[in-house]
Amino acid sequence: MIALPSAARADTVSGFVGYYQNAYAEGRDLIPGPQIPLDISSIAFRLDLQTVSPKAALSGSAFLGADGDVIKLAGVQGCLSAEPLEFAGMPTTCAMISLAGMTATLDEAKAGAGDAFPCHVFAQNLGRPTVRYAECFFVENGAVRSLSEALIRKGLAFAARDRAGRPVFPEYLQAEETARGEQAGIWANGQFTHPYHPVNPSTN
């Protein structure tokens, strides 16, 4: 079993969320990777959707669910650089852009689904809290969208790669290349270093 840091087990949700968000803002993703390799192909032939109600973003690729579980998106890698840069005329960091982007995109996804949306769970780690590795979906303008793809397409995060540098979902790499070509989000600023290999190699 992988136990999360004891300091993370705050008595309040705000304390728990703040602990993870502050670490992420400093360039540290405290959410562990999966204990076993994820069977990504399962999403194509045995889709098993579970309703998830997001509570708050914890990082650029994970959020806390209302049931107390952490949902880590398998297809996206948030930016972890804490180096200062300018974004929309304001001083910030790449990590803060990813964290704010996750918060805003969760709000958008919940708005069209009554504060909840479906997620396909690939696996979960035992421990407290439980970490579930998933891809989540929401409806926008009558079309079903991937939460991971939406973050990548807006230039708020990157397509997750495996240890060999291959994209976990090739279609998300296409979304990343589109965002980069349009200089969307983070891509509007050339001061950050793109994590061609995930900063956190345990993403998958």
Side-chain angles (χ1 to χ4, degrees), residues 2-34 52 54-66 68-88 90-110 119 124-125 127-136 147-161 168 172 176 179 185-189 191-204:
I2 294 178
L4 298 184
S6 58
R9 303 188 198 114
D11 293 334
T12 65
V13 170
S14 60
F16 178 91
V17 171
Y19 179 81
Y20 279 91
Q21 288 185 347
N22 289 338
Y24 194 81
E26 296 171 355
R28 298 179 294 125
D29 189 349
L30 301 181
I31 300 168
V52 173
K55 197 75 174 173
L58 299 177
S59 73
S61 60
F63 61 89
L64 178 67
D69 286 1
V70 172
I71 305 298
K72 174 87 166 176
L73 298 176
V76 66
Q77 171 68 51
C79 188
L80 273 169
S81 172
E83 293 296 316
L85 56 77
E86 186 175 294
F87 181 75
M90 299 291 290
T92 185
T93 67
C94 195
M96 288 303 297
I97 294 169
S98 271
L99 183 58
M102 172 63 92
T103 298
T105 306
L106 282 176
D107 287 343
E108 293 172 11
K110 291 192 299 182
C119 296
Q124 67 181 37
N125 282 359
R128 297 182 60 186
T130 297
V131 181
R132 290 188 279 168
Y133 304 89
E135 283 300 284
C136 300
L147 183 60
S148 292
E149 187 273 338
L151 290 164
I152 296 165
R153 183 64 183 78
K154 293 176 182 178
L156 302 171
F158 312 103
R161 271 79 159 176
V168 175
Y172 294 171
E176 180 184 296
I186 297 168
W187 297 108
N189 190 299
Q191 298 177 31
F192 74 96
T193 301
H194 177 274
Y196 181 73
H197 294 284
V199 174
N200 177 3
S202 61
T203 297
N204 180 33

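The first residue in the sequence is number 1, and the count goes up from there.
Remark: of the listed residues Leu106, Leu64, Val70, Leu64 is the sole one forming a side chain to side chain contact (heavy atoms under 4.5 Å, CB included) with Lys55.
By the 4.5 Å heavy-atom criterion applied to side chains, Met102 and Leu151 are counted as neighbours. Here the side chains of Cys79 and Phe158 are in contact, with some heavy-atom distance below 4.5 Å. Side-chain contact check for Thr93 versus Leu85: every heavy-atom pair is 4.5 Å or farther apart.
Distance check: Ile186 CD1 to Glu176 CD gives 10.0 Å after rounding to the nearest 0.5 Å. Rounding to the nearest 0.5 Å places OG1 of Thr103 at 6.0 Å from CD of Gln21.
Considering all non-hydrogen atoms of both residues, Leu73 and Phe63 come closest at CD2-CE2, 4.4 Å. What you find for Asn125 and Pro32 is that their closest heavy atoms are ND2-CG, 4.1 Å. For the residue pair Gly185 and Phe87, the shortest heavy atom distance occurs at O-CE1, 3.2 Å. Between Val76 and Ser61, the shortest heavy-atom contact is O-CB, 3.6 Å. The two residues Ala150 and Thr105 have their closest heavy-atom pair at CB-CG2, 4.2 Å.
Between the side chain of Asn22 and the backbone N or O of Gly18 there is at least one donor-acceptor pair closer than 3.5 Å. Looking only at distances, no side-chain donor or acceptor of Tyr20 sits under 3.5 Å from a matching main-chain atom of Ser59. With hydrogens and angles ignored, the 3.5 Å screen pairs a side-chain donor or acceptor of Glu135 with a backbone N or O of Ala74. No donor-acceptor pair under 3.5 Å is formed between the side chain of Ser98 and the backbone N or O of Gly78.
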Would you sort out whether Lys154 and Glu108 count as a side chain to side chain contact (heavy atoms under 4.5 Å, CB included), showing the intermediate values? CA-CA 13 Å; Lys154 293 176 182 178; Glu108 293 172 11; 2.5 Å; yes
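Contacts of Tyr24 classified as ring pair (Phe, Tyr, Trp, His ring centres under 6.0 Å), with partners at least two apart in sequence or in another chain: none.
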